[in-house]
Amino acid sequence: METISQEQLTQLLKRITGYNSFRPGQEEVIRSVLAGRDTIAVLPTGAGKSLCYQLPVHLTGGTVLIVSPLLSLMEDQVAQLKREGEKSVAALNSFLTPGEKSAVLRNLHQYRFIFTSPEMLMQRHVSERLRSLRLAYIVADEAHCISQWGFDFRPDYLRLREWLAGFSERPPVLALTATASDKAIGDIENYLMMHSPAKYIHPPDRPNVALQIIPLKDREEKTEWIRREISRASGPGILYVQSRKRAEMLAGLLRADGVPAAAFHAGMEKDDRMLVQQQFLNGELEWICATNAFGMGINKPDVRRIIHDQFPPSAAQYIQEIGRAGRDGKQSLATLLYSPSDADAAVFISLDELPDPAAVRFLAECMNNGEPPEQAGERAGLSETAVRVAAYWIAEEGADGAAGRMEELAAGKSREIGEMIRFAEGDGCIRERLLNLFGARPVGTDVVCCSACGLPADLLANAVPAARNRPALLDWQERIDRLFGVASS
DNA sequence: CGCATGATGCCTACGCATCATGCGGTGCAGTAGT
């Protein structure tokens, strides 16, 4: 496509969004897509990543396919596009009834934006239909999921590679994410079949997020610390924990202390999750006690605090989670509570579901004999996820290859946990040591840095919000009075 | 691994100590059955 003038691009921006100028980072990415280049854009959340795929199609024509990791994310984005007046949008996913789905599949060409999941995309009839479409470009939204989930959780993310390889003329691919380690970037390039992609990579440092590590003896001490801290310091904040049960337990304790808090984890009903998320976004809830299910696609600019009850199993995940603080640029604080026994729990959680080489060989043997993998997996005591992952690697690389892969994955995970332990136990500037793991350096000067460099005593020790001094629930008389509009004295 | 929960053992009624067992994150899709 011929070069687009500055004026044309700005006019288009104005027409589509009503804005007069791009936010930092957007224009380069849009130009790269328009030039037909494979592109990797690592932009902080809130930088307006979605504009990067929304705009170019108005000049290229055709359809954009957006591969998205979460149904809720697709729904949000479809709703937003519709609010902006875009009518030709579809989400191709399991929310559709069979009838709706085949209607969408029949009329694919009339959409400008099609959102789908990797799993849906990999279904044969879907993948063929989509590949035969005139696609302007293909977008991998939250592209770090390829790296974070593809290998041991959602293998369909890795199958994108074969799907892309099946094009005779593959459209350009745009990968968007907020955080990406070198490994993630490498996986994205590799599994999205990118050819010397243009890379626009925002540095991982967040100067306005101060870092703090607090060593504590055990879980009980952590619980006490959390109650003390949260009852005196204001949020909004996210408390990350490693189990659903502990999320519920801590949310309960905080509520009993008068803190508007709620749990969030994958074991909750979809409606409850949406409600909690919405209340947090609206400021009705001050704290969320969550597993790692919480965060992706949530754009709340004023999160002041992130507390980790335990470290997550990789530095990439840690930096992603603390990156949810302070998107408005204001001073925020990320606290990691550390006790030596955390390491074992991290190892357990992260390696438990990974099938061991013997199980992989057993599964391969059964599959060879024509037994369905699900059935064989059950005999081997493997979870549904483990079976799917193992079956993927067996199909890709054979029994020995897959067994080797599992060892490699386990070793990689152990190494990453080791990195987090050294990070938590180490000496010296926390920011420098964290960024070091990404081959980066602190970018800010005059920064409230970390607990190793020294934090001011009053950091974020704001007055507890007035709302919290009211009882969470009014007594029944007052509630009835309110219902009937009687002014209470 | 560490923690929480439930079962067992005591030895005849209750409550306590001890042991055994289970559980621990992330999501899609499709199907069976409300």
Side-chain angles (χ1 to χ4, degrees), chain A residues 67-75 91-102 105 115-127 141-142 144-160 216-223 240-250 252 263-270 273-274 289-298 308-314 316-318 320-321 339-354 372 374 381 383-389 391-392 409 413-414 416-417 421:
Chain A
V67 180
S68 172
L70 301 180
L71 298 176
S72 60
L73 226 59
M74 289 181 219
E75 297 299 305
L92 187 55
N93 59 36
S94 60
F95 284 165
L96 303 180
T97 64
E100 291 168 332
K101 185 176 160 192
S102 50
L105 281 172
F115 292 82
T116 197
S117 66
E119 286 81 3
M120 183 63 85
L121 177 54
M122 285 313 132
Q123 293 185 12
R124 174 148 303 180
H125 58 292
V126 176
S127 63
D141 198 14
E142 305 287 358
H144 61 279
C145 292
I146 294 168
S147 183
Q148 191 177 312
W149 281 348
F151 295 88
D152 64 345
F153 185 48
R154 294 176 66 178
D156 283 319
Y157 258 112
L158 303 189
R159 293 196 171 100
L160 287 174
L216 293 169
K217 186 164 111 308
D218 54 21
R219 204 170 281 180
E220 203 180 321
E221 273 194 5
K222 287 179 173 181
T223 305
Y240 276 111
V241 301
Q242 303 298 313
S243 82
R244 297 170 177 185
K245 247 187 200 166
R246 191 153 164 85
E248 298 278 358
M249 191 275 277
L250 287 170
F264 186 102
H265 56 74
M268 290 162 50
E269 294 294 327
K270 279 228 155 59
R273 290 174 60 160
M274 277 179 56
C289 305
T291 62
N292 60 354
F294 188 76
M296 219 177 352
I298 288 163
H308 278 87
D309 183 50
Q310 285 185 43
F311 60 80
S314 75
Q317 198 178 322
Y318 182 64
Q320 196 177 318
E321 287 170 359
S339 73
S341 62
D342 294 348
D344 299 321
V347 168
F348 187 95
I349 284 184
S350 130
L351 297 183
D352 177 46
E353 264 218 306
L354 203 63
E374 299 75 23
S383 72
E384 189 198 335
T385 301
V387 170
R388 203 176 31 253
V389 167
Y392 169 79
L409 276 175
K413 282 165 174 281
S414 307
E416 288 182 318
I417 290 169
I421 295 169

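We use all heavy atoms of the structure for the numbers below, so side chains are in, but hydrogens, waters and symmetry mates are not. Because the structure is predicted, anything quoted here is derived from the model rather than measured. The chains referred to below are lettered A, B, ... by the order of the sequence lines, with proteins before strands, and numbering in each begins at 1.
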Passing option when A/T291 is tested against A/R244, A/R246, A/Q242 for side chain to side chain contact (heavy atoms under 4.5 Å, CB included): A/R244
Of the residues in residues 144-155 of chain A, which ones touch DNA chain B at a heavy-atom distance under 4.0 Å? A/W149, A/F153, A/R154
Need one value for A/P69: base, sugar-phosphate or nothing, where a base atom within 4.0 Å counts as base even if backbone is also close, heavy atoms only. sugar-phosphate
How long is the span from the CE atom in A/M120 to the OG atom in A/S127, to the nearest 0.5 Å? 12.0 Å
Provide, to the nearest angstrom, the distance between the CG atom belonging to A/L160 and the C1' atom belonging to B/dC28. 13 Å
Taking the same atom, P, in B/dC28 and in B/dC23, what whole-Å distance lies between them? 25 Å
Using atom CD of A/E220 as one end and atom C1' of B/dC3 as the other, report the distance to the nearest whole Å. 12 Å
For A/Y240, give me all partners under ring-ring contact (aromatic ring centres under 6.0 Å, His included), at least two apart in sequence or on another chain. A/H308
A/D352 CG to B/dT26 P, in whole Å, measures 14 Å
Integer-rounded Å distance: B/dC3 C1' and A/D342 CG: 13 Å
Heavy-atom side-chain contact between A/R154 and A/P69 under 4.5 Å: yes
Rounded to the nearest 0.5 Å, how far does CE of A/M74 lie from CZ of A/F95? 8.5 Å
Strictly below 4.0 Å, N to O, side chains only: are A/D342 and A/K222 in salt-bridge contact? yes
Roughly how many Å is it from CG in A/D344 to P in B/dC1, rounded to a whole number? 7 Å
Quick one: pull up CG in A/D309 and SG in A/C289 and give me the separation to the nearest 0.5 Å. 9.5 Å
Both A/D218 and A/L351 contact DNA chain B. Which one's nearest nucleotide lies toward the 5' end? A/D218
Using atom P of each nucleotide, how far apart are B/dC14 and B/dT21 to the nearest Å? 29 Å
Once you round it to whole Å, what is the distance between P of B/dT26 and CD of A/E142? 17 Å
Any A/L158 side-chain heavy atom under 4.5 Å of A/F151 side chain: yes
Roughly how many Å apart are B/dC11 and B/dC19, using the P atom of each and rounding to a whole number? 16 Å
Round to a whole Å and report the spacing from CG of A/L354 to P of B/dG24. 18 Å
Decide yes or no for A/N292 and A/E321: does some side-chain heavy atom of the first lie under 4.5 Å from some side-chain heavy atom of the second? yes
Where do N or O atoms of nucleotides 17-23 of chain B meet protein N or O atoms at under 3.5 Å, pair by pair?
none

So which atom in A/L216 and which in A/P340 form the shortest heavy-atom distance, rounded to 0.1 Å? O-CD, 4.1 Å
Contacts of A/S341 and A/S243 projected onto DNA chain B by closest heavy atom; the upstream (5') one is A/S341
Taking the basic N atoms (NZ, or NE/NH1/NH2) and the acidic carboxylate oxygens, is any pair closer than 4.0 Å for A/R388 and A/D156? no
What's A/R273 touching, base or sugar-phosphate or nothing? Going by heavy atoms closer than 4.0 Å. sugar-phosphate
Secondary structure of DNA chain B in dot-bracket form (Watson-Crick or G-U wobble, distances below 3.5 Å, | marking inter-strand pairs): ((((((((((....))))))))))..........
Take the protein atom OH of A/Y240 and the nucleotide atom P of B/dT26, then report the distance between them rounded to whole Å. 11 Å
Taking the side chain as every heavy atom from C-beta outward, state whether A/M274 and A/E269 have any pair of such atoms under 4.5 Å apart. no
Taking only the C1' atom of each, what is the distance from B/dG9 to B/dA13 in whole angstrom? 14 Å
Expressed as a whole number of Å, how far does the C1' atom of B/dG25 sit from that of B/dG30? 23 Å
C1' gap between B/dT12 and B/dT8, integer Å: 16 Å
Pick base, sugar-phosphate or nothing for A/A266, based on heavy-atom distances below 4.0 Å to the nucleic acid. sugar-phosphate
A/R244 near the nucleic acid: base, sugar-phosphate alone, or nothing, with a heavy-atom cut-off under 4.0 Å? sugar-phosphate
What residues form a ring-ring contact (aromatic ring centres under 6.0 Å, His included) with A/F294, not counting sequence neighbours? A/F264, A/F280
Assess the residue pair A/D152 and A/K413 against the criterion (salt bridge (charged side-chain N to carboxylate O under 4.0 Å, His left out)); give the C-alpha distance rounded to whole Å, side-chain angles, the decisive distance to 0.1 Å, and a yes or no. CA-CA 11 Å; A/D152 64 345; A/K413 282 165 174 281; 2.6 Å; yes
Return a single string for nucleotides 29-34 of chain B, one symbol per nucleotide in 5' to 3' order, where B is base contact, S is sugar-phosphate-only contact and - is none, cutoff 4.0 angstrom on heavy atoms. SS----
Less than 4.5 Å apart, side chain to side chain, heavy atoms only: is that true for A/L160 and A/L121? yes
